[in-house]
Structures are given as structure tokens and as C-alpha cells.
**Q** 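There's a structure below that I have some questions on.
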Amino acid sequence: MNPAARLQAAIDLLDKIIAAARDQGGSADTIIARWFGERRYAGSKDRRAIRALVYDAIRMLGERPESGRAAMLALVRRQPELAALFDGSPYGPTSIAPDEPVAAAGVLPAWLAEAFALSGLDADEQAALLERAPLDIRVNTLKADPAAIQAEIPGAVPLPCLSAGLRVPSDAAVEQLPAYKEGRLEVQDAGSQFVSLAAGVERGQHVIDLCAGGGGKTLALAAAMANHGSILACDIDRPRLSRLMPRAERAGVSIAETRLLNPNQEAAMLADQAGRADAVLIDAPCSGTGTWRRNPEARWRLTPQRLDRYVATQAALLDIGADLVRPGGVLVHVVCSLLDAEGAGQAQAFLDRHPGWSAQPLSLGAGTPHGPGLRFTPLADSTDGFFVARMRRP
């Protein structure tokens with residue numbers, strides 16, 4: 001593919017990504033992978049160039065653009081050399097007209113600006129949300145020693161304050177490594193590793209991972225417990241939860257079991273667990289504002305209505321989780337969001353409606369105290385954005 005054809009391909013992909021964001025369709029990564037899968041003629045250099053153009057445009061546009069072409073014309077203003085590729089050639093984009101609409105550059109949608117400001121996130125913090133994310137792994141200490149894994153991966157360096165964490169080169173094909181296939185490591189952002197440690201779990205405990213998804217935090221909890229005790233991993237998403245047990249088997253985790261829950265029936269389906277758990281971890285569904293480095297088009301999906309639904313869901317999950325905690329046990333609230341409505345405000349609202357419960361101090365070597373918990377940000381901690389609070393039942 002010549003440069004003009006690559007540019008037109010990027011425009012076409014942006015059109016699909018914009019439509020998917022509007023209609024709550026597939027993610028940008030999924031759309032791009034499917035598009036390339038249908039076009040085998042696109043070589044590796046073509047794929048890298050097209051993908052770079054697409055994500056450069058996405059990262060610079062806070063508001064969902066009108067079209068892929070309007071998005072790319074915005075990128076032209078930042079990269080003027082691209083203008084020459086609008087040459088009307090057979091596979092390239094048509095020439096630029098003087099009055100064409102051009103998308104406006106920005107970090108976040110206008111409606112979110114006040115929420116970010118009220119959450120104490122200045123312009124530098126906001127801009128860092130769109131930098132390219134690093135690649136982190138968690139060494140599975142049930143099977144491997146971190147120093148040994150570091151020696152196997154050129155360029156790997158230890159993550160500060162995470163004894164099992166390594167940061168590896170971003171182009172490392174981690175999932176092709178023998179260590180990955182053998183369950184000796186997992187891909188997991190440093191922030192996710194920190195908030196898993198916030199639960200403070202110990203050997204022999206009974207733990208419930210209420211929103212386990214594919215099981216990344218379940219496996220981290222099992223390693224922290226040295227595979228002694230029990231973990232009940234729950235979710236309402238059957239496809240995601242079905243991936244957990246194969247991952248657990250690969251990792252040598254034998255203390256986890258799964259339970260698929262029906263939406264709006266979670267409390268009834270967990271009645272046998274009432275008051276039993278030493279710790280309940282709730283990695284709640286959220287806006288994902290802390291993961292924009294990895295999914296920058298997610299900014300175009302979020303609406304005030306969706307945010308309100310997330311906040312209501314989180315509150316309901318916290319109340320369900322509270323009933324599962326034994327006296328003296330802990331409830332851990334985690335969101336990969338930097339908005340106080342989902343993080344500090346949500347945790348404080350829980351404490352306000354549950355007299356006697358108390359926020360526990362967290363000292364993890366990273367994160368900044370924020371409300372009843374800790375907040376991790378890309379700028380301050382070089383992690384995805386997270387909020388975590390650990391609250392103890394009386």
C-alpha cells in the first residue's frame with residue numbers, strides 16, 4: 001500500500017470506530033483487527049502505519065468527531081506533511097476543500113471537564129491519560145521467581161514497590177513467551193497489581209471476588225494467599241467468567257471456583273455466603289476513564305446517562321458485598337476511574353449509609369491519599385488510573 005492508500009484506510013477505519021462508539025459497538029482494537037483480517041494484502045508495515053494514524057487521531061480528539069475524514073483533517077493540522085497525501089489518487093483520499101469540517105482537538109468531552117476539575121485532575125493529569133501505556137507483567141510467584149523471569153525477558157525492569165511486578169519493552173510479544181504459556185507470568189498493569197494488594201489477603205482466608213471478569217485479580221489474590229484458602233470468583237458475564245478457570249489451571253491456582261450470577265439476582269444467589277468472607281473485592285463496572293491510555297476511543301462512548309448507571313450499579317454492588325463480609329472483615333472498592341463520583345465519593349457514600357464501617361489506611365508505596373482511599377494516576381504513578389478503598393466491617 002502506498003502512503004495515500006494507508007491514509008484512506010485510516011479514514012475508513014475511523015468511520016467504523018466512530019459509528020461503533022456512537023452505537024456502543026465493538027472496541028477500536030477489535031474493529032482494526034477484523035479489518036486487517038479481511039485484507040491480507042496489507043503487510044506488517046502497512047498495519048503499523050495505519051494503526052498509528054488511527055490512534056494519533058483518536059488521542060487528539062476529546063469529542064467524538066463527525067467523520068473519519070474530519071478526524072484526519074484535524075491530525076493534518078498537527079502533522080502538515082499528511083496534507084500532500086490527500087491527492088485524489090485511485091486509492092487515496094480526495095483533495096482537501098477549503099470549507100471542509102475539521103474536528104476540534106481536545107483531551108476530553110466538554111461535559112466531563114467540570115467532573116474532572118471537581119475530582120482534582122488538572123490539565124497535566126488529563127493529558128497524561130492519553131499517553132501510550134507501558135507493558136507490565138506480574139510474575140506468578142506460585143510458579144516462578146521474579147528475578148528469573150526478569151532474566152528471561154530482555155529489557156525487563158522491576159516495578160517499584162511491587163515485588164512480583166516487571167515492566168517490559170512495549171513491543172515484547174509476552175503471550176508468545178514460554179513463561180506465559182506455562183503460567184509463570186500474567187500481563188497486568190502496575191495499578192491493577194497495586195489495588196489487588198490493597199485487599200491485604202492472607203493464607204487460609206475465604207475471599208470473594210464479586211466482579212471477577214476474566215480473573216486477573218483472582219489470580220493475583222491467589223498468589224498473595226500462597227494458594228491456601230478459598231476464593232469464590234463471581235460475575236454476570238458468562239464469556240468472561242468462562243476464561244477464568246483455564247487461566248487458573250495454567251497458573252497452578254487450585255483454590256478458586258467460579259459462580260455465574262444472574263443480573264439483579266446477585267444477593268439471592270450469594271445467600272449462602274452471607275457474613276462468611278474475610279475479604280470481598282469489588283472491581284466494579286465503571287466509566288474506565290483511568291484506562292484511556294489503552295482505549296482512547298472510550299471517551300467517545302461515555303455519556304452522562306451511562307455514568308449515572310455505573311454509579312448506581314457500583315452502589316448496589318457495594319451493598320451486596322457488605323452483606324458477604326464477616327464481622328471484622330474488609331470490603332475493597334476498586335474502579336479504573338478517576339472520577340470522584342465512582343471513586344472517593346462512592347466509597348464515602350457507602351460509609352455514610354453503613355454506620356460503624358470504617359475506611360482502613362492503605363500504604364502500598366504508591367498512590368495518593370484521596371478521600372477514604374488511594375488514587376493512582378498515569379502522571380503520578382505511571383499506572384492506569386485507579387481508585388481503591390478498603391473498608392472494615394465492625
Side-chain angles (χ1 to χ4, degrees), residues 10-11 13-29 31 53-79 82 96 99-133 284-314 335-346 349 370-371 375-380 384-387:
I11 291 171
L13 275 167
L14 282 165
D15 280 329
K16 294 179 181 296
I17 292 165
I18 291 164
R22 181 192 63 227
D23 302 331
Q24 303 303 319
S27 68
D29 275 348
I31 290 168
L53 286 167
V54 168
Y55 276 103
D56 282 350
I58 292 173
R59 283 190 171 90
M60 69 175 294
L61 302 173
E63 300 281 359
R64 189 175 69 234
E66 176 183 318
S67 66
R69 187 175 172 94
M72 197 54 65
L73 289 174
L75 187 60
V76 167
R77 291 184 173 176
R78 187 167 292 179
Q79 301 179 28
L82 294 176
I96 301 172
D99 57 351
E100 280 198 65
V102 179
V107 174
L108 49 80
W111 72 270
L112 272 176
E114 183 179 2
F116 269 75
L118 291 173
S119 299
L121 297 160
D122 62 19
D124 290 339
E125 288 279 11
Q126 294 172 26
L129 289 169
L130 297 176
E131 295 175 354
R132 286 173 174 78
C286 71
S287 64
T289 55
T291 64
W292 283 354
R293 298 188 306 173
R294 303 177 192 280
N295 307 290
E297 86 283 0
R299 296 172 294 163
W300 303 345
R301 297 172 177 272
L302 190 60
T303 65
Q305 295 76 25
R306 285 178 66 84
L307 179 58
D308 288 344
R309 288 197 293 272
Y310 284 130
V311 170
T313 297
Q314 292 154 14
V335 283
C336 53
S337 171
L338 296 178
L339 296 173
D340 281 354
E342 301 180 280
Q346 185 71 267
H370 190 69
R375 184 163 69 184
F376 295 82
T377 74
L379 182 64
D384 285 349
F386 279 96
F387 174 83

**Q** Closest approach of Ile31 and Ala20, non-hydrogen atoms and distance?
**A** CD1-CB, 3.5 Å
**Q** For residues Pro65 and Ala71, report the shortest heavy-atom separation together with the two atoms involved.
**A** CG-CB, 4.0 Å
**Q** So which heavy atom on Ala28 is nearest to which on Tyr55, and how close?
**A** CB-OH, 3.5 Å
**Q** Hey, could you give me the CD1/CG distance between Ile58 and Leu53, rounded to the nearest 0.5 Å?
**A** 11.0 Å
**Q** Checking the side chain of Arg59 only, and the main-chain atoms of Arg293 only, is there a donor and an acceptor separated by less than 3.5 Å?
**A** yes
**Q** To the nearest 0.5 Å, how far apart are CH2 in Trp292 and SG in Cys336?
**A** 12.0 Å
**Q** Could you check if a side-chain atom of Leu129 sits within less than 4.5 angstrom of a side-chain atom of Leu338, using non-hydrogen atoms only?
**A** yes
**Q** Does Tyr310 reach the side chain of Ser337, with side-chain heavy atoms less than 4.5 Å apart?
**A** no
**Q** Which heavy atom in Ser119 sits nearest to a heavy atom in His370, and how many Å separate them?
**A** O-CE1, 3.9 Å
**Q** Just how far is it from atom CG of Leu307 to atom OG1 of Thr289, taken to the nearest 0.5 Å?
**A** 8.5 Å
**Q** Working to the nearest 0.5 Å, report the span between CG of Asp122 and CG of Leu379.
**A** 7.5 Å
**Q** Determine whether a donor-acceptor pair (N or O, by modelled atom type, separation under 3.5 Å) exists between the side chain of Glu342 and the backbone of Ser287.
**A** yes
**Q** Run through Asp56, Val76, Leu73 and flag the one making a side-chain contact (heavy atoms from CB on, under 4.5 Å) with Leu82.
**A** Val76
**Q** Quick check: do Val107 and Phe116 have side-chain heavy atoms less than 4.5 Å from each other?
**A** no
**Q** Tell me whether Arg78 contacts the main-chain N or O of Leu75 through its side chain, where contact means a donor paired with an acceptor under 3.5 Å.
**A** no
**Q** In terms of side-chain geometry, is the basic nitrogen of Asp340 or Arg375 positioned less than 4.0 Å from the acidic oxygen of its partner?
**A** yes
**Q** Check whether any side-chain heavy atom of Arg306 sits under 4.5 Å from a side-chain heavy atom of Gln24, and report yes or no.
**A** yes
**Q** Looking at Pro285, is its backbone amide N or carbonyl O close enough to the side chain of Gln314 to form a donor-acceptor pair, meaning the two atoms are under 3.5 Å apart?
**A** yes
**Q** Without swapping roles, check the side chain of Gln346 against the backbone of Val311 for a donor-acceptor pair under 3.5 Å.
**A** yes
**Q** For Asp384 and Arg294, what are the C-alpha separation, side-chain angles and deciding distance, and is it a side chain to side chain contact (heavy atoms under 4.5 Å, CB included)?
**A** CA-CA 9 Å; Asp384 285 349; Arg294 303 177 192 280; 2.8 Å; yes
**Q** Can you list the steps and then say if Arg299 with Leu130 is a side chain to side chain contact (heavy atoms under 4.5 Å, CB included)?
**A** CA-CA 10 Å; Arg299 296 172 294 163; Leu130 297 176; 3.3 Å; yes
**Q** For Ala74 versus Leu61, what's the shortest heavy-atom pair and its separation?
**A** CB-CD2, 3.9 Å
**Q** Is the number of heavy atoms from other residues, nucleotides or ligands within 6.0 Å of CD (Gln79) greater than 12?
**A** yes
**Q** Hey, could you give me the CG/CH2 distance between Leu108 and Trp300, rounded to the nearest 0.5 Å?
**A** 13.5 Å
**Q** Please tell me if the side chains of Pro109 and Leu302 come closer than 4.5 Å, counting only heavy atoms from C-beta onward.
**A** no
**Q** Which atoms form the tightest heavy-atom contact between Asp15 and Gly68, and what is the distance?
**A** OD1-N, 2.7 Å
**Q** Enter the distance from Arg64:CZ to Glu297:CD here, rounded to the nearest 0.5 Å.
**A** 12.0 Å
